[in-house]
Student: 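What follows is a structure written as structure tokens; I'll ask about it next.
Hydrogens, waters and symmetry mates are skipped; everything else that's a heavy atom, side chains included, is used. Note on naming: letters A, B, ... go to the chains in the order of the sequence lines (proteins, then strands), and numbering restarts at 1 for each one.
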Amino acid sequence: MAARVLILSSILTFSCFAEICYGAVSFSSLERTLVVTASHRQGLLIAGEDKITVAWGLNQSFPAGTDSTYRTIKVQLCYAPISQVDRAWRKTEDHLSKDKTCQFKIVEKPYSNTNETLEWTIERDVPTATFFVRAYALDQHNNKVAYGQNTDTKKTTNLFDIQAITGRHASLDIASVCFSAFSVVSLIGFFFAEKRKGGKGQQ
Amino acid sequence: MEISSNGAETQPKFALPVDSEHKATEFRLFSAAAPHMRAFHLSWVSFFACFVSTFAAPPLLPIIRDNLNLTATDIGNAGIASVSGAVFARLAMGTACDLFGPRLASASLILLTAPVVFFTSIASSPVSFLLVRFFTGFSLATFVSTQFWMSSMFSAPVVGTANGVAGGWGNLGGGATQLIMPLVFGLIRDIGAVKFTAWRIAFFIPALFQTLSAFAVLMFGQDLPDGNYKRLQKSGDKQKDKFSRVFYHGITNYRGWILALTYGYCFGVELTIDNIIAEYFYDRFNLKLHTAGIIAASFGLANIISRPGGGILSDVMGKRFGMRGRLWTLWTVQTLGGVFCIILGQVDSLSASVAVMIIFSIFVQAACGLTFGVVPFVSRRSLGVISGMTGGGGNVGAVVTQLIFFKGSKYSKETGITLMGVMIICCSLPLLLIYFPQWGGMFCGPSSAKTATEEDYYMSEWSSDEKDKGLHEASLKFADNSRRERGRSVHSQTLPSNATPPANA
């Protein structure tokens with residue numbers, strides 16, 4: 001127990017260096033009070049081109065006043081389980097400060113009591129993977145207090161695939177080939193020059 | 001074949017004091033005088049460039065793994081591939097140095113692997129990523145040419161230092177790259193490139209650096225104090241040796257195999273850490289890419305003093321206690337490295353991890369320097385092959401360690417590090433078995449048999465036919481120069497090393 005407290009306090013202290021504010025909360029303690037939907041065109045979505053329309057709002061079946069502590073809403077793009085296999089850097093952990101499920105921010109804005117929508121163009125640094133959308137409600141201290149997601153608890157429905165950009169350009173390809181050829185040709189050139197000099201030796 | 005006499009006719013030729021083989025007996029770091037110190041600077045810079053290229057990918061892995069859709073298994077495999085190519089490349093390089101000279105051998109390898117670094121920019125899948133890392137890793141064979149070149153240019157009193165500084169400052173590349181690549185990547189991204197393009201452009205920097213360093217070696221370097229191999233072979237000053245004989249005498253020397261194994265657990269461990277440490281800190285302590293890179297870099301950057309320190313320590317112990325001192329120091333330092341590795345895997349906090357990692361790096365890298373204080377004495381005829389075996393063994397250690405502990409998701413990285421520490425301690429034990437008849441081993445003194453002299457040891461590599469042809473002359477000179485490895489108390493009873501060679505030469 002003492003070790004856990006030590007770990008926790010170390011993480012909290014060093015989180016200041018990482019400039020991310022961690023709340024000491026676990027995901028399972030959050031209530032699913034938000035309703036989130038995400039719609040998009042059919043088929044494989046292309047990063048940098050396609051858009052996702054995200055809509056979120058408070059689930060009206062909860063009593064009024066549930067959202068009294070909500071100050072900010074943070075909507076994120078999260079990895080589906082299939083994209084987390086053999087990739088420990090995307091692992092889902094119950095402890096929120098260690099959780100790596102959601103790594104891309106769609107939008108973060110002040111919370112309002114109405115249903116909101118946003119059309120988001122998928123950014124070009126999103127990798128090829130399967131995703132879902134999750135929204136967190138944050139209180140005034142930026143601690144997560146509630147959430148909602150467009151998929152079920154087991155994260156099996158309403159998932160969508162995104163295809164990343166390759167990052168390659170024709171100019172890069174050409175430059176690589178040219179420089180490579182240059183190194184090999186210059187090596188051959190050196191050998192010829194040495195042979196020409198005949199055993200005079202190089203200084 | 002002339003034997004140069006001590007005196008004015010040879011001294012003015014070189015900027016540094018030299019022995020009978022024209023090897024420098026002093027090591028002056030801030031000089032660039034040809035041929036000795038110039039060779040030193042050329043070799044460490046070109047080796048540094050190769051290290052930068054080989055380990056350019058790890059600090060950028062958090063970006064690359066998303067761009068190329070890599071799994072932990074893919075990353076592990078690529079890491080293993082990056083160090084496995086050099087296993088045989090190092091052995092081949094050792095032989096090439098013996099036969100063609102370190103200048104041509106190293107420059108050729110560097111210019112042939114530079115294209116692969118350029119092609120890293122075009123990688124688009126886990127398979128292509130693995131292939132570029134595999135072929136780039138071949139360039140680490142320049143380590144052997146570096147050590148060979150230093151052993152050819154510097155004499156026994158300073159060979160450990162020269163080898164240690166050249167090797168250490170080259171290995172520095174593995175640390176410097178963890179700083180350079182995130183910096184270059186950040187710069188390119190800030191200029192406006194997208195993340196997945198910025199890392200690709202960044203790879204042009206190590207590739208260009210590598211190419212330019214090879215040019216410098218070709219233009220300004222020289223194989224031996226007296227000239228290049230081709231010219232010396234033509235004039236008859238250097239005999240061209242037979243590959244089969246050189247290779248045979250190298251691989252049949254059991255000391256070469258023991259050193260290959262133990263080097264796998266100092267240098268191999270260093271390579272493994274270069275591959276995993278940035279990701280370890282990034283993932284375990286939730287740091288930014290840049291911060292993880294700085295911490296990871298400090299491991300490799302310790303090389304600036306730790307490996308040279310090991311080399312200097314080897315020379316100091318060799319001066320006082322002879323070869324036995326060198327062996328004892330090597331075993332002690334390497335075992336302590338293992339102890340600190342175990343501790344590194346156990347600590348939980350960021351600051352403790354960084355502190356332990358730095359201490360661990362100093363011991364592990366000093367052990368590398370200490371190893372190459374012993375290697376030059378194992379064989380004279382097959383110096384290249386022994387250097388290649390030891391160097392190759394270093395990479396085998398890296399391959400084996402990454403295969404067992406750092407592939408896929410079987411062990412957490414922390415556990416892998418601890419177990420690696422245990423393996424270091426176990427695999428350092430064979431050092432106890434190394435024995436030189438003329439100098440002794442860790443537990444036994446030198447043999448009192450009449451045939452246990454330095455000359456007997458080094459002449460055993462030549463057949464009587466070859467001796468009749470006079471092919472063994474260089475080895476004889478070396479044997480005489482190596483007499484200091486008996487240690488100070490014994491040495492003072494024998495001839496002082498600056499005397500003319502014994503009459504039977």
Student: So what's closer than 4.5 Å to chain B heavy atoms on A/K91: side chain, backbone, both or neither?
Tutor: neither
Student: With a 4.5 angstrom heavy-atom cut-off, could you sort out which part of A/V177 is near chain B: side chain, backbone, both or neither?
Tutor: both
Student: So A/I162 and A/F104, do their side chains get closer than 4.5 Å, heavy atoms only?
Tutor: no
Student: Where on A/A175 is there a heavy atom nearer than 4.5 Å to chain B: the side chain, the backbone, both, or neither?
Tutor: both
Student: Any idea which of B/N67, B/T211, B/D223 has the most non-hydrogen atom pairs under 4.5 angstrom with chain A?
Tutor: B/N67
Student: Side chain, backbone, both or neither: which part of B/Q210 has a non-hydrogen atom closer than 4.5 Å to chain A?
Tutor: neither
Student: Between B/I75 and chain A, which part of the residue has a heavy atom less than 4.5 Å away: side chain, backbone, both or neither?
Tutor: side chain
Student: State whether the number of non-hydrogen atoms from other residues, nucleotides or ligands found under 6.0 Å of A/L44 atom CG is greater than 12.
Tutor: yes
Student: For the rings on A/F182 and A/F179, is their centre-to-centre separation under 6.0 Å?
Tutor: no
Student: Quick one: sort the A/F160 and A/H40 rings into parallel, tilted or perpendicular, breaks at 30° and 60°.
Tutor: tilted
Student: Please identify, among B/V117, B/I201, B/L208, B/N69, the residue contributing the most non-hydrogen atom pairs under 4.5 Å to chain A.
Tutor: B/N69
Student: Check each atom of B/L68 against the heavy atoms of chain A and say whether the ones under 4.5 Å are side chain, backbone, both or neither.
Tutor: neither
Student: Does atom CZ (A/R124) have a neighbourhood of more than 12 heavy atoms from anything else shown, all under 6.0 Å?
Tutor: no
Student: Between A/D99 and A/F27, is there a side-chain heavy-atom distance shorter than 4.5 Å?
Tutor: no
Student: Counting only non-hydrogen atoms closer than 4.5 Å, does B/S108 touch chain A with its backbone (N, CA, C, O), its side chain (CB onward), both, or neither?
Tutor: both
Student: Please look at B/L104 and chain A and tell me whether the side chain, the backbone, both or neither of the residue comes under 4.5 angstrom of a heavy atom of that chain.
Tutor: side chain
Student: For B/D74, is there an ion pair with A/R87 - N to carboxylate O distance below 4.0 angstrom?
Tutor: no
Student: Is it true that the NZ or CZ of B/K413 lies under 6.0 Å from the centre of B/Y280's six-membered ring and within 45 degrees of the ring axis?
Tutor: no
Student: Report which part of B/F203 has an atom under 4.5 Å of a heavy atom belonging to chain A: side chain, backbone, both, or neither.
Tutor: neither
Student: Answer with side chain, backbone, both or neither: which region of A/A164 has an atom nearer than 4.5 Å to a non-hydrogen atom of chain B?
Tutor: side chain
